[in-house]
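Numbering of residues begins at 1 and proceeds along the displayed sequence. Because the structure is a prediction, the values reported are computed rather than measured. The basis for the numbers below is simple: all heavy atoms, side chains too, and nothing from hydrogens, waters or symmetry mates.
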Amino acid sequence: MSGELSHLDAKGQAHMVDVGSKAVTQRICVARGAVHMAPETLAKISEGRVPKGDVLATARIAGIQAAKRTCEWIPLCHPLPLDALEIELRPDAAASRVWIEAQASAHAKTGVEMEALVAVAAAGLTVYDMCKAVDRGMTVDSVHLVSKQGGKSGVWTRPDDPLGGPPGD
């Protein structure tokens, strides 16, 4: 790590980074997170018995929609035209959670880390919203970057993924 904070100017004030001179490259980022819940809540999701509807399908759409609007969530984030955003949500009975993964990709001058992270967070919050009537004790947690590629810094992979790969694989 360089130790420099690119969103601070010489006076220490927050500013939007100028990416005008950077090359357009393919950027791909993967983020993960989870929503932990009571086993009964997970069973309702898995069996399609949540009164508000299909929790996983709705959360997937929420994650995609949020990723496309990341620059409205994160003040200094550049608006990016995403090439693709894939979201996977899997019930994990062994851990009593819904495991979430998002992969964002774009041909851009800056990375798509925030888009992948926002997608996971929004999907997790949507799971919470759709199930809160049956389980207010759920937690949305472990939202983290798993890997990134593209741009000047190249490839980075997290050495210690707290959630691991998809359940059942």
Practice task
Consider only side-chain N and O atoms of Lys148 and Ser153, and report whether a donor and an acceptor are under 3.5 Å apart.
Solution key: yes
Exercise for the section: Hey, could you give me the SG/CZ distance between Cys77 and Arg69, rounded to the nearest 0.5 Å? Expected result: 14.0 Å
Handout entry: Heavy-atom side-chain proximity of Val98 to Met37 below 4.5 angstrom
Key = yes
Practice task
Spell out, yes or no, whether Leu145 and Ile28 are grouped together once hydrophobic residues are joined by side-chain heavy atoms under 4.5 Å, including indirect joins.
Solution key: no
Problem - Test item: Arg90 and Glu88 side chains (from C-beta on) under 4.5 Å apart, heavy atoms - result: yes
Fill in the blank from the handout: Ala59 and Leu89 have their tightest heavy-atom pair at CB-CD2, 3.7 Å
Problem - Hydrophobic cluster membership, Val118 vs Leu125, 4.5 Å side-chain cutoff - result: yes
Completion exercise
Interatomic distance, CG@Leu85 vs NZ@Lys68, rounded to 0.5 Å, equals 9.0 Å
Problem - Close side-chain approach of His144 and Asp161, heavy atoms under 4.5 Å - result: yes
Problem - For Gly151 against Thr25, the heavy-atom pair lying closest together - result: N-OG1, 3.2 Å
Exercise for the section: List in chain and number order the residues that pass side chain to side chain contact (heavy atoms under 4.5 Å, CB included) with Ile61, two or more places apart in sequence or in another chain; answer none if no residue qualifies. Expected result: none
Completion exercise
Rounded to the nearest 0.5 Å, the CG atom of Leu82 sits from the OG1 atom of Thr70 at a distance of 7.0 Å
Exercise for the section: Could you work out the complete set of other residues in the hydrophobic cluster of Val146, with links drawn between I, L, V, M, F, W and Y side chains under 4.5 Å apart? Expected result: Val30
Practice task
Establish whether Trp73 and Ile87 are linked, either directly or via other cluster members, by ILVMFWY side-chain heavy-atom contacts under 4.5 Å.
Solution key: yes
Exercise for the section: Please report the C-alpha distance between Lys44 and Asp135 in whole Å, then the side-chain angles of each, then the deciding distance to 0.1 Å, and finally whether the side-chain contact (heavy atoms from CB on, under 4.5 Å) criterion is met. Expected result: CA-CA 11 Å; Lys44 285 184 181 204; Asp135 186 356; over 6 Å; no
Exercise for the section: Determine whether Trp156 and Val143 fall in the same hydrophobic cluster, where Ile, Leu, Val, Met, Phe, Trp and Tyr are linked whenever their side-chain heavy atoms lie under 4.5 Å apart. Expected result: no
Handout entry: Distance (rounded to the nearest 0.5 Å) between Leu80 CG and Met114 CE
Key = 11.5 Å
Exercise for the section: Scan Leu42, Val127, Leu163, Val35 and name whichever one has a side-chain contact (heavy atoms from CB on, under 4.5 Å) with Arg97. Expected result: Leu163
Problem - Donor-acceptor contact present, side-chain Ser105 to main-chain Asp83, <3.5 Å - result: no
Exercise for the section: Please answer whether the main-chain N or O of Gly164 pairs with a side-chain N or O of Arg32 as donor and acceptor at a distance below 3.5 Å. Expected result: yes
Exercise for the section: Enter the distance from Lys52:NZ to Cys131:SG here, rounded to the nearest 0.5 Å. Expected result: 8.5 Å
Handout entry: Heavy-atom pair of closest approach, residues Ala66 and Ala122
Key = CB-CB, 3.4 Å
Handout entry: Donor-acceptor under 3.5 Å (Tyr128 side chain, Ala123 main chain)
Key = no
Handout entry: Heavy-atom closest pair, residues Lys22 and Arg27
Key = CE-NH2, 4.3 Å
Problem - Partner of Val50 by side-chain contact (heavy atoms from CB on, under 4.5 Å), out of Thr41, Val55, Thr58, Leu56 - result: Val55
Exercise for the section: Mind listing the closest non-hydrogen atom pair of Ser46 and Pro91 along with its distance? Expected result: OG-CB, 3.5 Å
Problem - side chain to side chain donor-acceptor pair (under 3.5 Å) against Thr139, all qualifying residues, sequence neighbours excluded - result: Asp141
Exercise for the section: Could you state whether Leu117 and Leu76 fall into the same hydrophobic cluster, counting links through intermediate Ile, Leu, Val, Met, Phe, Trp or Tyr residues with side-chain heavy atoms under 4.5 angstrom apart? Expected result: no
Practice task
Could you tell me which non-hydrogen atom of Val112 sits nearest to which non-hydrogen atom of Ala106, and how far apart they are?
Solution key: CG1-CB, 3.7 Å
Problem - From Met130 atom CE to Asp54 atom CG, the distance as rounded to the nearest 0.5 Å - result: 7.0 Å
